There are 2 protein chains.
Amino acid sequence: MEQNKIPQATAKRLPLYYRFLNNLQMQGKTRVSSKELSEAVKVDSATIRRDFSYFGALGKKGYGYNVEYLLGFFRKTLDQDELTDVALIGVGNLGTAFLNYNFTKNNNTKIVLAFDADPNKAGKEIGGVPVYHIDDLEEKLGNVKVAILTIPATEADRITERLVSKGIKGILNFTPARISVPDDVRVHHIDLAIELQALVYFLKHYPLDTKEEVL
Amino acid sequence: MEQNKIPQATAKRLPLYYRFLNNLQMQGKTRVSSKELSEAVKVDSATIRRDFSYFGALGKKGYGYNVEYLLGFFRKTLDQDELTDVALIGVGNLGTAFLNYNFTKNNNTKIVLAFDADPNKAGKEIGGVPVYHIDDLEEKLGNVKVAILTIPATEADRITERLVSKGIKGILNFTPARISVPDDVRVHHIDLAIELQALVYFLKHYPLDTKEEVL
DNA sequence: AATAAGTCGTGATATTTTTCACATATTCAC
DNA sequence: GTGAATATGTGAAAAATATCACGACTTATT
């Protein structure tokens with residue numbers, strides 16, 4: 001669609017900016033500088049200015065950015081007005097965490113239904129979201145295009161295939177399995193075990209320079 | 001410590017390689033090529049060869065890599081032999097997911113204790129891990145250097161401060177808050193809401209080229 | 001033994017992302 | 001108004017990452 005020239009690294013930071021701008025507005029702040037923003041979201045201020053600049057000149061020299069204006073701009077850019085329906089597959093602890101999380105607040109996504117293989121969970125409602133049995137996936141899924149996968153790794157391939165053949169185009173995969181999908185389906189992996197291992201590896205092998213701790 | 005020349009991007013992929021090599025060995029495979037590995041972990045084969053090459057010549061031309069040898073090498077490199085103790089702060093749904101996750105399998109980290117503000121949870125044991133009241137943090141934490149933060153965002157700053165002053169050096173932060181820490185403390189953010197929003201943004205703005213779906 | 005097929009390791013190149021640094025514009029204090 | 005302080009937007013440079021492409025070596029086959 002539109003301007004495909006925004007770097008992916010920038011795109012990944014947009015929701016973060018958006019959320020923080022919302023906070024600022026709720027605090028009643030009307031202006032903000034890239035420096036302030038930088039301290040809050042822990043991204044270099046030059047990077048923030050560069051990110052914003054891909055969308056044109058949104059700020060004013062010597063002044064900074066108008067919170068309301070910037071927020072309005074990002075609302076449109078991030079399609080914050082239209083709500084994207086999401087399906088959750090696997091209502092274990094992790095899945096339940098998602099259901100109870102108030103996603104639609106400051107967010108353009110909404111989990112509208114969930115599935116689980118446990119018959120005891122089917123028919124219930126968690127966090128206001130109806131839970132169906134996984135056997136009814138094809139029947140109930142409807143036109144949802146995005147799915148969150150919080151199931152055991154052993155089920156990942158089978159369920160993914162079913163999701164894809166029902167027209168799912170985006171999958172947020174929390175299983176350790178590296179699932180295979182057609183080229184027109186996008187998968188983002190979040191691998192909790194690996195994140196923890198990577199953190200530990202960095203701690204041991206990449207000592208942070210303990211330069212005069214800021215007083 | 002040792003060779004600081006390994007790129008961060010490479011370091012982040014190491015646990016992934018390691019896990020897959022383990023799978024291979026359990027399947028009884030003795031050799032593997034970068035091409036096979038590539039298909040399994042969805043990383044370009046040249047990238048894999050480059051990643052490995054930072055550690056020296058681990059493979060053989062015309063043959064590939066010996067699974068056992070590679071695994072042994074990574075076991076040492078990833079300190080897979082020593083277990084790193086981890087504390088979990090916040091035993092909600094997400095926290096419970098971690099406690100029930102069998103981390104020590106194929107993993108060099110172990111959650112050894114957990115804390116929660118709910119007095120009903122204190123004193124219990126979940127997934128074999130004792131849960132204490134958050135008030136006892138300082139008393140019970142001991143020498144643990146890594147913490148997983150699965151608490152409400154509103155508590156993030158206060159708890160972080162307490163963790164840092166007790167000597168925590170690595171934090172895996174699942175709260176939306178961008179916490180501030182001294183320079184010698186490493187924080188990795190995993191922001192579930194943002195991951196979902198980013199996925200949706202990519203779906204809408206970065207259409208994947210539907211080139212002849214592989215038959 | 002010779003040939004074909006397979007595969008690594010890596011120099012070189014391309015791409016992506018971050019950062020520097022400064023001209024330019026705005027605001028604020030007086 | 002004037003000068004000092006503030007802050008953007010961006011050209012240019014640097015750094016980080018990914019990919020290409022091929023020489024060199026190994027294995028398998030006939």
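Everything quoted here is computed from the prediction, not taken from an experiment.
To the nearest 0.5 Å, the span separating CG on Leu94(B) from CG on Leu99(B) amounts to 10.0 Å.
Heavy atoms of Phe52(A) sit nowhere under 4.0 angstrom from any nucleic acid atom. Here Ser34(B) lies in heavy-atom contact (under 4.0 Å) with sugar-phosphate atoms only.
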Checklist entry - Which parts of nucleotides 21-29 of chain C does protein reach within less than 4.0 Å, heavy atoms only, written one letter per nucleotide 5' to 3' as B for base, S for sugar-phosphate only and - for none? => result B--BBBSS-
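Note: OH (Tyr69(A)) to P (dT8(D)) measures 15 Å, nearest angstrom. Going from atom CG of Asp51(A) over to atom P of dT18(C) covers 7 Å, rounded to whole Å. Here dT16(C) presents its C1' atom at 17 Å from NZ of Lys5(A), a figure rounded to the nearest Å. Look at CG on Asp44(B): it is 17 Å from P on dA14(C), rounded to the nearest Å. Across the protein-nucleic acid pair, Tyr54(A) atom OH and dT10(D) atom P stand 11 Å apart, rounded to whole Å. The CG atom of Asn66(A) sits 21 Å away from the P atom of dT6(D) (whole-angstrom rounding). If you measure from atom NZ of Lys35(B) to atom P of dT26(D), you get 21 Å, rounded to the nearest angstrom. Following rounding to the nearest Å, Ile48(A) (CD1) and dT19(C) (C1') show an atom-to-atom distance of 13 Å.
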Item to check | Chi angles and distances behind the ring-ring contact (aromatic ring centres under 6.0 Å, His included) call for Tyr201(B), Tyr18(A) | outcome: CA-CA 13 Å; Tyr201(B) 182 82; Tyr18(A) 182 73; over 10 Å; no
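The backbone N or O of Gly90(B) lies less than 3.5 Å from a partner atom in the side chain of Thr150(B), making a donor-acceptor pair. Lys169(B) places no side-chain N or O within donor-acceptor distance of the main-chain N or O of Lys145(B), the cut-off being under 3.5 Å. A side-chain donor-acceptor contact under 3.5 Å links Arg31(A) to the backbone of Tyr63(A). With hydrogens and angles disregarded, no donor-acceptor distance shorter than 3.5 Å links the side chain of Asp85(B) to the backbone of Asn143(B).
Distances were taken from every side-chain heavy atom of Ser33(B) (C-beta onward) to each of dT7(C), dG9(C), dT8(D); the shortest belongs to dT7(C).
Ring to ring, Phe174(A) and Phe98(A) are close: their centroids are under 6.0 angstrom apart.
Judged by atom type and distance alone, Arg50(A) does not reach the base of dT18(C) through any side-chain donor-acceptor pair under 3.5 Å.
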